[in-house]
Amino acid sequence: MKCDIALPCAFQNELNENDAKELLANGTWCCCEVSNMGCTPEAIAAFQNAGILFAPGKAVNAGGVSVSGLEMTQNAMHISWSGAEVDEKLHYIMESIHSACVKYGKKADGTIDYVKGANIAGFMKVAQAMLEQGIV
């Protein structure tokens, strides 16, 4: 069956290497992990080796985590933002995540390795926080 975009969204390691190869053979050009770690490392490698767009769950799922954080902020501060305000804040957060993935994941040929970018961006965020707190 033809498939343009694959969105593994049920559970960890939902797609394995054989599944990835079948998707690729059927025209898939994009895979975004909607579940946490929806693809096995072998599936991710198959997608990356084929040169299709692959977005890891840690970047894709950040929107839900961010909205939860925004809700907790409102509760802690005893304030209420409109839906439009929350949406604006979420757009800023997600655009920042994408920019960080591009910054740290850009390869010499100009393509983006979003897995590498998300991993390095996450590391850099933790390292910066440690520096700012005087831990390092």
Side-chain angles (χ1 to χ4, degrees):
M1 175 179 285
K2 287 285 190 191
C3 174
D4 292 325
I5 301 171
L7 302 168
C9 56
F11 51 86
Q12 186 172 336
N13 296 322
E14 177 181 2
L15 289 179
N16 63 33
E17 182 178 19
N18 290 333
D19 299 325
K21 288 179 179 177
E22 185 172 341
L23 286 167
L24 292 167
N26 284 293
T28 300
W29 60 268
C30 174
C31 179
C32 299
E33 288 182 311
V34 181
S35 58
N36 292 324
M37 298 171 56
C39 298
T40 65
E42 297 80 13
I44 294 168
F47 290 135
Q48 290 178 320
N49 291 337
I52 72 161
L53 176 59
F54 177 79
K58 66 183 67 168
V60 174
N61 293 328
V65 174
S66 297
V67 169
S68 294
L70 293 171
E71 289 171 350
M72 290 190 299
T73 299
Q74 290 177 85
N75 290 337
M77 296 176 67
H78 303 290
I79 60 174
S80 180
W81 293 317
S82 69
E85 288 173 299
V86 172
D87 197 46
E88 180 182 334
K89 292 175 190 317
L90 178 59
H91 277 247
Y92 174 78
I93 291 166
M94 294 307 291
E95 287 171 5
S96 297
I97 290 169
H98 181 262
S99 294
C101 288
V102 170
K103 176 180 179 180
Y104 295 113
K106 193 169 210 169
K107 296 178 356 182
D109 65 3
T111 60
I112 310 300
D113 181 339
Y114 283 92
V115 175
K116 176 184 171 187
N119 287 339
I120 293 173
F123 173 83
M124 294 300 289
K125 191 167 208 156
V126 170
Q128 186 62 40
M130 291 174 72
L131 288 169
E132 290 174 3
Q133 294 178 20
I135 297 172
V136 176

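Heavy atoms only: backbone and side chains are in, while hydrogens, waters and symmetry mates are out.
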Using the rule side-chain contact (heavy atoms from CB on, under 4.5 Å), only one of Ile93, Asp87, Leu90 pairs with Val67; which is it?
Leu90
What pairs with Gln133 under side-chain hydrogen bond (donor to acceptor under 3.5 Å, both in side chains), at least two apart in sequence or on another chain?
none
Output all residues satisfying side-chain hydrogen bond (donor to acceptor under 3.5 Å, both in side chains) with Asp19, sequence neighbours left out; order by chain, then residue number.
none
Considering only Ile, Leu, Val, Met, Phe, Trp and Tyr, and joining two whenever side-chain heavy atoms are under 4.5 Å apart, list the other residues clustered with Met72.
none
Please check if the side chain of Thr28 supplies one atom and the backbone of Cys3 the other of a donor-acceptor pair under 3.5 Å.
yes
Apart from Val115 itself, members of its ILVMFWY cluster (side-chain separation under 4.5 Å) are Leu15, Leu23, Leu24, Ile44, Phe47, Ile52, Phe54
Can you tell me how far the SG atom of Cys9 sits from the CD atom of Glu14, to the nearest 0.5 Å?
6.0 Å
Does any N or O in the side chain of Gln12 come within less than 3.5 Å of the main-chain N or O of Gly38, such that one atom is a donor and the other an acceptor?
no
Between the side chain of Glu33 and the main-chain N/O of Pro56, is any donor-acceptor distance below 3.5 Å?
no
Any residue meeting side-chain contact (heavy atoms from CB on, under 4.5 Å) with Glu88, in chain and number order, not counting sequence neighbours
none
Strictly by ring-ring contact (aromatic ring centres under 6.0 Å, His included), give each pair with a member in residues 107-136 just once, sequence neighbours left out.
His98-Tyr114
Rounded distance [0.5 Å steps], CD1 in Ile120 versus NZ in Lys125
15.5 Å
Could you give the distance from OG (Ser99) to CE (Met94), rounded to the nearest 0.5 Å?
11.0 Å
Look at the side-chain heavy atoms of Ile, Leu, Val, Met, Phe, Trp and Tyr, link any pair under 4.5 Å apart, and say whether Leu131 and Met124 land in one connected group.
no
Without swapping roles, check the side chain of Glu17 against the backbone of Ala46 for a donor-acceptor pair under 3.5 Å.
no
For Lys116 versus Tyr104, what's the shortest heavy-atom pair and its separation?
CE-O, 3.7 Å
By side-chain contact (heavy atoms from CB on, under 4.5 Å) - contacts of Glu22 (at least two apart)
Asn26
Nearest 0.5 Å, please: how far is CD in Glu42 from CG in Asn13?
8.5 Å
For Gln48, check side-chain hydrogen bond (donor to acceptor under 3.5 Å, both in side chains) against everything at least two apart and list the hits.
Asp113
For Lys106, all residues meeting salt bridge (Lys or Arg N to Asp or Glu O under 4.0 Å), sequence neighbours excluded:
none
Kindly write out the residues that satisfy side-chain hydrogen bond (donor to acceptor under 3.5 Å, both in side chains) with Asn36, not counting sequence neighbours, or none if the list is empty.
Asn61
With no hydrogens and no angle check, is any side-chain donor or acceptor of Thr111 less than 3.5 Å from a backbone partner on Lys107?
no
Listing request: all ring-ring contact (aromatic ring centres under 6.0 Å, His included) pairs with a residue in residues 70-95, at least two apart in sequence or in separate chains.
none
Cluster membership besides Trp29, Ile/Leu/Val/Met/Phe/Trp/Tyr side chains within less than 4.5 angstrom, sorted by chain and number, is Ile5, Leu7, Val34
